[in-house]
Number of protein chains: 2
Amino acid sequence: MTTTGEGTDQRAAPPATAADLPAATVRRLPEYLRALGALSESGVDTVSSEILAGATGVNSAMLRKDLSQLGASGMRGVGYSVAALATHIAGVLGLTKDSRVAIIGLGHLGQALARYPGFSERGFDIVGLFDADPGIIGRDLDGLPVRDVALLGRAVRDEGINIGVIATPGAAAQHVADLLVDAGVTSILNFAPCVLAVPQGVAVRKVDLAVELQILSFHEHHKTLGRSEAQINKRRER
Amino acid sequence: MTTTGEGTDQRAAPPATAADLPAATVRRLPEYLRALGALSESGVDTVSSEILAGATGVNSAMLRKDLSQLGASGMRGVGYSVAALATHIAGVLGLTKDSRVAIIGLGHLGQALARYPGFSERGFDIVGLFDADPGIIGRDLDGLPVRDVALLGRAVRDEGINIGVIATPGAAAQHVADLLVDAGVTSILNFAPCVLAVPQGVAVRKVDLAVELQILSFHEHHKTLGRSEAQINKRRER
DNA sequence: TCCTGTGAATTTCTTCACAGCC
DNA sequence: GGCTGTGAAGAAATTCACAGGA
């Protein structure tokens, strides 16, 4: 995973809530949700764990275990209600209210993120764009102006921004993270190739595009040595 | 994370090679490499596991275990040679020879990827751009023309492309993956929001930007519900 | 003394396999 | 018969803790 910022909870057993879901389960929930959306559009209204697992590349027992941990419940002999399950997962993920996102750093990647339709489609409103480069400040991206990063803290407070996406060069990323944290943001998605230091309680997820390619490079490099293991891929008719 | 394509190895013990590295270790190697590069630029030439672990956000015992599995070896009482370790890791990852990458789908995201300097900086040469949209085919991106995706198979073979990056809409992704696989590509990085079916032996890694935000949304949603967390502000370090 | 390398313990994640309900 | 929910087993990943070399 390419992720940091997880909190470790060593507190004496509190009443179990959805907040106690294993990290591995949380990672899979968005995937389930996407598959459910696709099924829903195809007019399917009930689905078995076997089918849904196939559509998301996981084992069906794991899927059932994940769902039972949510408190979601299927019907024995029948399966899960697509609509009910989607609603339930969306609720657990907190997608019932839209999040307000700021993107900091509007180079090529930041601009692509700003225009990525997948964000607004899934309830993430991009409400602020910030950069430090005077040559970029003032530009307009699909109706949103790029503002000076010096205005970031105030904007976070005034505009209810709760997620920050950092797409700056590595050298600027820590400074931006500090600004976000000081303004009260507790969720950060970091595309810069560096590890961010943040206080406990702030969640950081990191996506490094070059890292992904390097992992592929490893597989490519060692494939000749007679291995395979893709296994998620049961082959499929096509 | 938000990643797939990892293998589970249930084969009877083959001669141990670098190819048998645990998936979790492989995922961390690029991160170590990046940190080593930064140290190297700062003129540091020896580093302890404690320091390097700090720079990459992992536990020092895990770092040592990872490195010892590579066959890399440090000097007791001293640490690791930054240069030697970087060379060693790059070798294991197969970064000694440049990879040849094709990007398929040149919407906003694909264009940003095509221009992302991090790829070429780390030895990934983008040598082909492909799209199905006549309005995009023929455009020029920093000197590379966007070609018709119908030419993809031939280009893979003629130009030695060994990694495919899919940045198309979800509906087109499986078709593109099939083209890549049929042409002999065995490493695919998928940005489309769907699970790809590929034969065994093909490595697929998936990056879904919206998934990352949804995971953050979960943390955001449950942070308030989480127990008091009296000392959310442990603050410190950086 | 400082730091690596590693067995053992621990925790987390995944799969199996089957009881129970429709 | 089909399918969920789950205890128990198994595998993987992580951390501990310390022996031993420089």
Side-chain angles (χ1 to χ4, degrees), chain A residues 1-4 6-11 13 16 20-29 31-32 39 44-82 84-85 88 215 229 231-232 234, chain B residues 1-13 16 20-29 31-32 44-82 84-85 88:
Chain A
M1 180 181 29
T2 329
T3 322
T4 28
E6 240 18 272
T8 347
D9 201 331
Q10 65 265 44
R11 210 166 261 57
D20 300 315
L21 288 178
T25 295
V26 174
R27 281 204 307 270
R28 286 185 292 262
L29 294 183
E31 207 61 35
Y32 299 155
L39 286 169
V44 177
D45 51 35
T46 295
V47 67
S48 72
S49 63
E50 198 68 52
I51 300 289
L52 186 54
T56 51
V58 306
N59 175 295
S60 68
M62 200 166 65
L63 170 62
R64 289 197 300 277
K65 190 152 280 193
D66 282 343
L67 296 185
S68 83
Q69 275 174 305
L70 297 191
S73 110
M75 296 160 281
R76 293 182 195 221
V78 181
Y80 298 86
S81 153
V82 170
L85 189 50
H88 192 132
I215 296 172
E229 324 311 333
Q231 135 154 358
I232 274 190
K234 250 324 209 213
Chain B
M1 164 181 32
T2 315
T3 325
T4 27
E6 239 19 271
T8 339
D9 203 331
Q10 63 266 45
R11 205 171 260 51
D20 300 313
L21 289 178
T25 295
V26 174
R27 282 202 308 268
R28 288 185 291 262
L29 295 182
E31 208 61 35
Y32 299 154
V44 178
D45 51 37
T46 295
V47 67
S48 72
S49 63
E50 199 68 52
I51 300 291
L52 186 53
T56 51
V58 306
N59 175 296
S60 68
M62 201 165 65
L63 171 63
R64 291 198 297 279
K65 192 153 280 191
D66 281 344
L67 296 186
S68 82
Q69 275 174 305
L70 297 190
S73 108
M75 297 160 280
R76 292 183 194 221
V78 181
Y80 298 86
S81 153
V82 170
L85 189 49
H88 192 133

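Within every chain, numbering begins at 1; the chains are lettered A, B, ... in the order of the sequence lines, protein sequences first and strands thereafter.
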When the distance from [atom1] of [X] to [atom2] of [N] is rounded to whole Å, what number comes out?
| X | N | atom1 | atom2 | result |
| --- | --- | --- | --- | --- |
| A/Glu50 | D/dG5 | CD | P | 14 Å |
| B/Tyr80 | C/dC2 | OH | C1' | 13 Å |
| A/Leu70 | D/dT4 | CG | P | 15 Å |
| B/Asn59 | C/dT11 | CG | C1' | 13 Å |
| B/Asp66 | D/dA12 | CG | C1' | 13 Å |
| A/Lys65 | D/dT6 | NZ | P | 9 Å |
| B/Met62 | C/dT6 | CE | P | 17 Å |
| B/Ile51 | C/dC3 | CD1 | C1' | 12 Å |

Residue list, side-chain contact (heavy atoms from CB on, under 4.5 Å) with [X], at least two apart or on another chain:
| X | answer |
| --- | --- |
| B/Ala61 | B/Asn59, B/Arg64 |
| A/Ala53 | A/Val58, A/Ser60, A/Leu63 |
| A/Ser48 | A/Glu50, A/Ile51 |

Which residue, A/Arg28 or B/Ser49, contacts DNA chain C at a nucleotide closer to its 5' end, judged by nearest heavy atom?
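That would be B/Ser49.
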Nearest-nucleotide 5' precedence on DNA chain C, B/Val78 against A/Pro22
B/Val78
Beyond-backbone contact of B/Leu52 with B/Tyr80, side-chain heavy atoms, under 4.5 angstrom
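Heavy-atom side-chain distance check fails, nothing below 4.5 Å.
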For A/Thr25 versus A/Gln69, what's the shortest heavy-atom pair and its separation?
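Taking every non-hydrogen atom into account, OG1-OE1, 3.6 Å.
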Dump the pairs, protein N or O against N or O of nucleotides 18-21 of chain C, anything under 3.5 Å, distances to one decimal.
residue : atom : partner : partner atom : Å
C/dG20  : N3   : A/Arg76 : NH1          : 3.2

From B/His88 NE2 over to B/Leu70 CG, what is the distance, rounded to the nearest 0.5 angstrom?
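Answer for the NE2-CG pair, B/His88 versus B/Leu70, is 5.0 Å.
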Per atom distances to the B/Ala24 side chain, the nearest of C/dT4, C/dT6, D/dA13 is D/dA13
Partners of A/Arg28 by salt bridge (charged side-chain N to carboxylate O under 4.0 Å, His left out), sequence neighbours excluded?
A/Asp66
The answer to which of A/Val47 and B/Val58 contacts DNA chain D further toward the 5' end, by nearest nucleotide, is A/Val47
Check every strand shown and say whether B/Ser73 touches a base, only sugar-phosphate, or nothing at a heavy-atom separation below 4.0 Å.
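Sugar-phosphate contact only.
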